[in-house]
Colleague: 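Sharing a structure here in structure tokens format.
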Amino acid sequence: MITKRIPKFFYLLTILLIVACSKTEDNVPLTNPTAQISVDKLVRKASLRNQDIPFKIINDQGEDVTDLATFFVDGEEIDGQSFSSADIGEFEVYGVYTEDGVEITTNTESFSVIIPKRKIVVEDYTGTWCGFCPRVSGALHDLEDETEDIAVVAIHETASSFPDPMHFDEVQILKDAYDVEGFPAARINRSVDWATPHPTSEVTSIAGLDTNLAIALNSQVTNNELLVQVNVVYEEGSAQGDKLVVYLIENGIIYDQVNYYNYDDTSEFYNLGDPIPDFEHNDVLRNSLTGVLGNTIPVTEALTEYITSFTIDIPSDYVMDNLKIVAMVVDADNSAKNAQFAQLDQDKAYE
């Protein structure tokens, strides 16, 4: 008996019960199913407790041979072509099938069953002209040293007579929605004021806690066109009014920053200049792939994936290697319930 190992031609095709695709420029639905990103894997990398985890095998001729296969999870044969677990943990799966009289064993792939962890959205309303704004930047640096469970968005605005090259055109919509008036302003989960002195404990105390929904991100760049796929799953089903927000963020933008702390010897920005030359601006909001306050998530049953995708042409002045995606689910009051972030071309599983 011959056993062949096939490492490249197997992937999970998740059952898409809810699929939506939109073109960023006008949010017109697309009907082309190729807007979904195919992942060359036998199994989804992470799933929730009791969520159905389907397996699918495509052979090297492009044929679906799932019905011919027997699947083994942690070395034990299972009934059918899917698996679920009420317990969290790490698992391994492979499939065996016969083709032309030859028994073929797929590669073994790992997957996990998880309880979702909450990532906290922290937003910094700022401007290069704003002399007090460096203090929020400094607080964010401290926060990022303490936890990875945050998604940061810096929202820039031009002041009269003081242009900011990172100005976000829809900033006023956000300011009106979240009662932002003077700068700097910082918000936790969109709606909670992170007031001076911006204590990191207000964020770290809630970051990484168990929650009931998870977000996965995957993206592909072809030439200058970015395709982003977002998967959302709830343990108990979606809530009325939930929305999905997806932003394109850029790091490493170099531009002078006005600095009122230049003569304050208690500040980390003391004696750095006013303005600070060649200041590095990170987490800058560049584009909103959804409506800036989000797109409505259709009613989604418990443990059923909502999957949607977006395309956008990346402007030539953006540095591709510095771009990332931030996605969040917000409730009817526009408060963030959970978030996820990923670099471009990164397949980021549920966490």
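These values consider heavy atoms only, across backbone and side chains, with no hydrogens, waters or symmetry-generated copies.
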Colleague: Can you hop from Tyr125 to Phe162 via hydrophobic side chains spaced under 4.5 Å?
Modeller: yes

Colleague: Scan residues 217-308 for pairs that pass disulfide bond (SG atoms under 2.5 Å apart), counting only residues two or more places apart or in two chains.
Modeller: none

Colleague: Flag the pair Gln229 / Ile307 as yes when at least one side-chain heavy-atom distance between them is below 4.5 Å, and no otherwise.
Modeller: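 Side chain of Gln229 against side chain of Ile307, heavy atoms only: contact under 4.5 Å found.
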
Colleague: Roughly how far apart are Ile150 CD1 and Leu140 CG, rounded to 0.5 Å?
Modeller: 6.5 Å

Colleague: Sub-3.5 Å donor-acceptor pair from the side chain of Asn223 to the main-chain atoms of Glu225, do we have one?
Modeller: no

Colleague: Nearest 0.5 Å, please: how far is CG in Asp278 from CG in Asp256?
Modeller: 6.0 Å

Colleague: Has Ser335 got a side-chain atom pairing as donor or acceptor with Asp331's backbone, closer than 3.5 angstrom?
Modeller: no

Colleague: Taking the side chain as every heavy atom from C-beta outward, state whether Glu236 and Asn212 have any atom pair closer than 4.5 Å.
Modeller: yes

Colleague: Side chains of Leu143 and Thr204, heavy atoms from C-beta outward: is any pair under 4.5 Å?
Modeller: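 Of all side-chain heavy-atom pairs linking Thr204 with Leu143, at least one is under 4.5 Å.
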
Colleague: Spell out, yes or no, whether Val171 and Val245 are grouped together once hydrophobic residues are joined by side-chain heavy atoms under 4.5 Å, including indirect joins.
Modeller: yes

Colleague: Heavy atoms, side chains only, cut-off 4.5 Å: are Asp264 and Phe269 in contact?
Modeller: no

Colleague: Met166 and Arg286: which non-hydrogen atoms are nearest, and at how many Å?
Modeller: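 Distance-wise, the nearest heavy atoms are CA-NH1, 4.2 Å.
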
Colleague: Verify, without hydrogens or angle tests, whether Lys348 (side chain) and Phe341 (backbone) share a donor-acceptor contact under 3.5 angstrom.
Modeller: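 The answer is yes, because a donor-acceptor pair under 3.5 Å joins these two groups.
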
Colleague: Assess whether atom CD of Gln240 is packed by more than 12 heavy atoms of other residues, nucleotides or ligands within 6.0 Å.
Modeller: no

Colleague: Under 4.5 Å between any side-chain heavy atoms of Asp345 and Gln343, yes or no?
Modeller: no

Colleague: State whether the side chain of Trp194 and the backbone N or O of Val203 hold a donor-acceptor pair below 3.5 Å, judged by distance alone.
Modeller: no

Colleague: Quick check for you: to the nearest 0.5 Å, what is the distance between Ser288 atom OG and Glu170 atom CD?
Modeller: 6.0 Å

Colleague: Test your reading of the model: is there a side-chain donor-acceptor pair from Tyr247 to the backbone of Lys324, 3.5 Å cut-off?
Modeller: no

Colleague: Side chains of Ser84 and Asp52: do they bring a donor and an acceptor to under 3.5 Å?
Modeller: no

Colleague: Please, which pairs that meet salt bridge (Lys or Arg N to Asp or Glu O under 4.0 Å) have at least one residue in residues 181-190, sequence neighbours excluded?
Modeller: Glu123-Arg190, Arg187-Asp193

Colleague: So, Arg135 and Ser267: side-chain donor and acceptor under 3.5 Å apart, yes or no?
Modeller: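 No, Ser267 and Arg135 have no side-chain donor paired with an acceptor closer than 3.5 Å.
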
Colleague: Hey, does the side chain of His198 reach the backbone of Ala139 with a donor-acceptor pair shorter than 3.5 angstrom?
Modeller: no

Colleague: Answer with yes or no whether the side chains of Glu146 and Thr200 bring together a donor and an acceptor at under 3.5 Å.
Modeller: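 Their side chains do contain a donor-acceptor pair, which is all the 3.5 Å distance test asks for.
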
Colleague: Do the side chain of Gln257 and the main chain of Gly127 share a donor and acceptor less than 3.5 angstrom apart?
Modeller: yes

Colleague: Would you say CD of Gln172 has more than 12 non-hydrogen atoms from neighbouring residues, nucleotides or ligands within 6.0 angstrom?
Modeller: yes

Colleague: Report yes if the side chains of Gln51 and Glu305 come closer than 4.5 Å at any heavy-atom pair, otherwise no.
Modeller: yes

Colleague: Taking all non-hydrogen atoms of both residues into account, name the closest pair between Ala336 and Arg118 and its distance.
Modeller: O-NH2, 2.9 Å

Colleague: With heavy-atom distances below 4.5 Å as the criterion, would you say the side chains of Val292 and Leu174 are in contact?
Modeller: yes

Colleague: Once you round to the nearest 0.5 Å, how far does OH of Tyr318 lie from CG of Leu344?
Modeller: 12.0 Å

Colleague: Taking Thr158 for the side chain and Pro163 for the main chain, is one N or O donor matched with an acceptor at less than 3.5 Å?
Modeller: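 No; judged by distance alone, with no hydrogens or angles, the pair does not exist.
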
Colleague: Going hydrophobic residue to hydrophobic residue with side-chain gaps under 4.5 angstrom, can you get from Ile215 over to Tyr350?
Modeller: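 Per the 4.5 Å side-chain linkage, Ile215 and Tyr350 are not co-clustered.
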
Colleague: Apply the test salt bridge (charged side-chain N to carboxylate O under 4.0 Å, His left out) to residues Lys119 and Glu148: give CA-CA distance (whole Å), side-chain angles for both, the deciding distance (0.1 Å), then the verdict.
Modeller: CA-CA 8 Å; Lys119 285 186 169 66; Glu148 296 179 350; over 6 Å; no

Colleague: If hydrophobic clusters are built from ILVMFWY residues whose side chains come within less than 4.5 Å, do Val43 and Val233 share one?
Modeller: no

Colleague: Measuring from atom OG1 of Thr311 to atom CG of Leu227, what distance do you get when rounded to the nearest 0.5 angstrom?
Modeller: 7.0 Å

Colleague: For the residue pair Phe91 and Phe83, is the inter-centroid distance of their aromatic rings smaller than 6.0 Å?
Modeller: yes

Colleague: Indicate the atoms forming the closest heavy-atom contact of Thr98 with Leu68, along with that distance.
Modeller: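 The answer is O-CD1, 4.3 Å.
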
Colleague: Going through the checks in order, is the salt bridge (charged side-chain N to carboxylate O under 4.0 Å, His left out) test met by Lys117 and Asp149?
Modeller: CA-CA 8 Å; Lys117 303 298 181 184; Asp149 293 319; over 6 Å; no

Colleague: Taking it one step at a time, do Asp64 and Lys56 satisfy salt bridge (charged side-chain N to carboxylate O under 4.0 Å, His left out)?
Modeller: CA-CA 8 Å; Asp64 185 342; Lys56 190 162 187 174; 3.1 Å; yes

Colleague: Taking all heavy atoms of Thr290 and all of Val246, pick out the closest pair and write down the distance.
Modeller: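 Minimum heavy-atom contact is OG1-N, 3.1 Å.
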
Colleague: How close do Ala151 and Val326 get, heavy atom to heavy atom, and via which atoms?
Modeller: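 Nearest pair, atom of Ala151 first, then Val326: CB-CG1, 4.0 Å.
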
Colleague: Tracing side-chain links under 4.5 Å among I, L, V, M, F, W and Y, which residues wind up in one group with Phe72?
Modeller: Tyr94, Val96

Colleague: Show your working on salt bridge (charged side-chain N to carboxylate O under 4.0 Å, His left out) between Lys175 and Glu157 and close with a plain yes or no.
Modeller: CA-CA 10 Å; Lys175 288 171 62 180; Glu157 182 179 39; 3.0 Å; yes

Colleague: Taking all atoms of both residues into account, what is the closest heavy-atom pair of Lys337 and Tyr234, and its distance?
Modeller: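 Closest approach of Lys337 to Tyr234, heavy atoms only: NZ-CE2, 4.4 Å.
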
Colleague: Do Leu217 and Gln346 have side chains that get closer than 4.5 Å, going by heavy atoms?
Modeller: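 Side chain of Leu217 against side chain of Gln346, heavy atoms only: no contact under 4.5 Å found.
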
Colleague: How many angstroms lie between OG in Ser219 and CZ in Phe310, if you round to the nearest 0.5 Å?
Modeller: 13.0 Å

Colleague: Does Val153 form a side-chain contact (heavy atoms from CB on, under 4.5 Å) with Asp124? I'd like the steps, not just the answer.
Modeller: CA-CA 6 Å; Val153 180; Asp124 173 17; over 6 Å; no

Colleague: Linking I/L/V/M/F/W/Y whenever their side-chain heavy atoms sit closer than 4.5 Å, directly or via other members, would Val221 and Leu248 fall into one cluster?
Modeller: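 Same hydrophobic cluster.
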
Colleague: Is there a donor-acceptor pair closer than 3.5 Å between any side-chain N or O of Thr66 and the backbone N or O of Ile57?
Modeller: yes

Colleague: Within a reach of under 6.0 Å around CG of Asp79, are more than 12 heavy atoms found that belong to other residues, nucleotides or ligands?
Modeller: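 At most 12 heavy atoms, drawn from other residues, nucleotides or ligands, come within 6.0 Å of this atom.
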
Colleague: Under the 3.5 angstrom rule, does the side chain of Asp274 hit a backbone N or O of Asn262 as a donor-acceptor pair?
Modeller: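 Not confirmed, Asp274 side chain does not pair with Asn262 backbone.
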
